Every structure is written in C-alpha cells, then in structure tokens.
Q: 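Pasting a structure here, questions to come.
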Amino acid sequence: MDLDATLPTLVSHIPEEIVRALTAASDSIPENLENAISNASSYLPTEIDLVSTAQFMLFFAAASLILGLMGRIFLGRRSSLNHSLSSAMGILFLYAAAIVVYTFKPWSLDALLSPLPFVRFAGEHLLVIPFQGTPLTIICSELLSLVILAFLVNLVDTMLPHGRNALSWFIFRFLTVILAMALHIMADWAFKTYLPDVMVTYAPTVLLIILAATLLMGLLNLILSVVLTAVNPIFGALYTFFFSNFIGKQLSKAVFTTAIVSAVVFLLGEFGLTVICVSATALTAYIPLAVILLLLWFLIGRLL
C-alpha cells in the first residue's frame, strides 16, 4: 500500500481547499507506519495451509465419529445427541456451500451470506470471529444467532421425511438447511430492523442468560421426573407428559448443535485458521473437507 502515491491521486478529484490538508496529512505519516501497514497486508494468507487444514479435518472427523458412536451406544439409534450432531454437520456444510458461492459470486449474495454466525467475508478471505479476545456482547450476539439457526435446522429436519434411500435422504437434508437458512435470514433482518441499536447490542446477552436459566430448570425437571418415576411410574409418566413438549426438545437439540459448532469455531482458532483464503485456486483444497462433511452427515444422521 503506497500512501504517498494514493493521496495525490485522491487530491485530483476533490476541492482545492482540502488539497493542502491532504498533502500535509501525507507528509505527516511516519515512514515506519507506512512500512508497518505494508507489512501487515503480507500476513493475510494467499493460499490455504494444507498441513493445518489436514490436521483439523482428521481431528474433527475422529471427534465427530467418536461422539456419534457414543450417542448410538448409550442413547440408542437416532438419539437427540446424534440428531444435534447431524444438524451441526448440515450447518457446517452450509458454511462450505457459502464459501463456494462467495468465491464464484454468480450474483450479489453478500447480504444473504453475512448473517452466518461467527464468520465475515472480506474480499478473498473468510474471517472467523475467535472466542479469545472478542468482546462478550459480540460473542453473545453470534451465539444467539447460531442458536436460532440450529433451532430452525433441527425443527425443519424433524418435520421433513428421512427418505427411502441415500439420494432422497440427502435431498431432504439439503432442503432442510436451505429452508432453515431462509428463515434465519428473515429473523436476522427483523431483529436488526425493528429493534433499537441498544437492544441489538445487549439483547443477545440477556436472552442467552434467560435461555441458560430455562435449560437449568429443564434439567431440574428431568431430575424430578426420574425421581418420580422411581417412586411411582404412573406419576413419572404423567409428569413427563405435561412437562415435555415438542418445542422444548428442539430447543435442547439446538443448544447441543450450537455447542458442537462453537467447538469447531474454537478449534479453528486453536489451529490458527481464523483467516481463511477464499479463492478459486483454494477451492480444490476444500473438496476433501466437503466430502468428509457429507460422509459424516450421512453416517451420523442416517446410519447412527
């Protein structure tokens, strides 16, 4: 970035009364600051780090399979844990699809891709918002957005059929994430349009505290249900019937899904993948990641 050359170019297009101010500003910029700005741009990756990416993919695949197998062994087939993990794979695949769309830019889709939680697109780079060093209000805002997206994915996934074979299963699952993303975009637009700026900033923190308190009460209800069932199965059955509901189950699964995706975001920071190159040349390195996501999505969501 050559500031001495840029400022005179700008000067030729603005009124003369500002020329002297800009010239003085150009002369006042220390040479070491110009060097620092130029050197800072060199730290942005121009190609993907294959070693770090391969390590991340192997670690992620192993952890996902272990968690899925544990859910199958201890909680049974199609448990809430595996449903949550399957939804997490769907959301991560949505991120991968967004990277492809943003790379080729067949249309101006920045407004549609920007609501994705914990990521921002900037030129040829995908910026991942890390947990470390980020203000709490921003973290809570991203977490709430992710909870809403996960809730919609789990809700739509429960309503749509599972399909008779692998092809139909994938078709319905792709439809699930597309519908959930559309609903999420509308919710994000309404949230930012009709709420005051103060509420947009601090409401996510308050809502997450309320959600945590609600989940804690739900855990206490679960413990009470187990106690009542041990005392008298009839009382336990009645208590479960009146205090268990469809929305509550989807919200619980959404929290599990959010925790899984948040763990992926945290691991990206640990592996130094917070600034990811997004370009046509880098897409070939993402193909194995997309294949792994599809396989894990099918294994956990269909077979386990």
Side-chain angles (χ1 to χ4, degrees), residues 1 29-30 32-60 63-64 67 88 91-92 94-96 98-99 102 110-111 113-151 184 187-188 191-192 195-213 215 254-279 282 285-286 289:
M1 180 185 297
I29 296 177
N32 57 350
L33 179 58
E34 292 187 29
N35 294 333
I37 295 174
S38 300
N39 292 334
S41 62
S42 65
Y43 286 97
L44 291 176
T46 56
E47 58 183 13
I48 190 170
D49 187 348
L50 294 178
V51 176
S52 297
T53 305
Q55 291 176 346
F56 172 78
M57 286 191 294
L58 291 175
F59 186 85
F60 171 73
S64 300
L67 191 59
I91 292 174
L92 292 174
L94 184 63
Y95 279 73
I99 291 175
Y102 187 85
D110 292 3
L113 301 180
S114 59
L116 284 172
F118 283 105
V119 297
R120 297 292 184 271
F121 289 94
E124 292 190 348
H125 295 89
L126 175 69
L127 309 178
V128 180
I129 300 176
F131 282 91
Q132 304 87 341
T134 303
L136 181 61
T137 53
I138 296 178
I139 292 294
C140 290
S141 178
E142 298 300 318
L143 282 174
L144 181 62
S145 179
L146 185 55
V147 168
I148 295 173
L149 178 59
F151 175 80
H184 181 259
D188 182 79
F191 188 77
K192 294 179 179 178
L195 290 181
D197 292 340
V198 175
M199 291 190 66
V200 171
T201 302
Y202 294 103
T205 305
V206 177
L207 290 175
L208 284 177
I209 293 174
I210 295 174
L211 177 60
L215 291 175
V255 171
F256 280 124
T257 302
T258 301
I260 294 168
V261 178
S262 298
V264 173
V265 174
F266 179 79
L267 287 175
L268 285 173
E270 290 297 311
F271 280 91
L273 299 174
T274 54
V275 180
I276 301 174
C277 181
V278 178
S279 62
Y286 299 133
L289 177 60

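Nothing here was measured: the structure is a model prediction, and the numbers come from that model.
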Q: Under 4.5 Å between any side-chain heavy atoms of Leu116 and Leu94, yes or no?
A: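 Leu116 vs Leu94: side chains touch.
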
Q: Tell me the side-chain hydrogen bond (donor to acceptor under 3.5 Å, both in side chains) pairs involving residues 257-267, sequence neighbours left out?
A: Asn154-Thr257

Q: Report the distance from atom CG of Asp188 to atom CG of Leu149, rounding to the nearest 0.5 Å.
A: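 Reported value, rounded in 0.5 Å steps: 10.5 Å.
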
Q: Are any side-chain N or O atoms of Glu142 and backbone N or O atoms of Phe118, one a donor and one an acceptor, separated by less than 3.5 Å?
A: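 Yes; judged by distance alone, with no hydrogens or angles, the pair exists.
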
Q: Just so I know, are the side chains of Ile129 and Val119 near enough to count as touching, which here means a heavy-atom distance under 4.5 Å?
A: no

Q: Sequence neighbours left out, what passes ring pair (Phe, Tyr, Trp, His ring centres under 6.0 Å) with Phe151? Give chain and number order.
A: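 Phe151: no ring pair (Phe, Tyr, Trp, His ring centres under 6.0 Å) contacts found.
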
Q: Would you say Ile138 and Pro135 make side-chain contact, with heavy atoms under 4.5 Å?
A: yes

Q: Check for a donor-acceptor pair, side chain of His184 on one end and backbone N or O of Ser145 on the other, with a separation under 3.5 Å.
A: yes

Q: Just wondering, do His125 and Ile276 contact through their side chains at under 4.5 Å, heavy atoms?
A: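 A side-chain contact under 4.5 Å is absent here.
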
Q: I need the full list of side-chain hydrogen bond (donor to acceptor under 3.5 Å, both in side chains) pairs touching residues 266-278, with sequence neighbours left out, sorted by first then second residue.
A: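 Found Gln132-Glu270.
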
Q: If you count the non-hydrogen atoms of other residues, nucleotides and ligands that lie under 6.0 Å from CZ in Phe60, is the total more than 12?
A: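 It does: Phe60 CZ has more than 12 such atoms within range.
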
Q: Measure the shortest side-chain to side-chain distance between Val275 and Leu127 over non-hydrogen atoms and say whether it is less than 4.5 angstrom.
A: yes

Q: Would you compute the distance between atom CG of Leu136 and atom CZ of Phe131 and round it to the nearest 0.5 angstrom?
A: 11.0 Å

Q: Between atom CD1 of Ile260 and atom CD1 of Ile91, what is the distance when rounded to the nearest 0.5 Å?
A: 9.5 Å

Q: How many angstroms lie between atom CG of Leu146 and atom OG of Ser141, to the nearest 0.5 angstrom?
A: 11.0 Å

Q: Report yes if the side chains of Tyr95 and Leu126 come closer than 4.5 Å at any heavy-atom pair, otherwise no.
A: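 The answer is no, as the side chains (C-beta and beyond) never meet within the 4.5 Å cut-off.
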
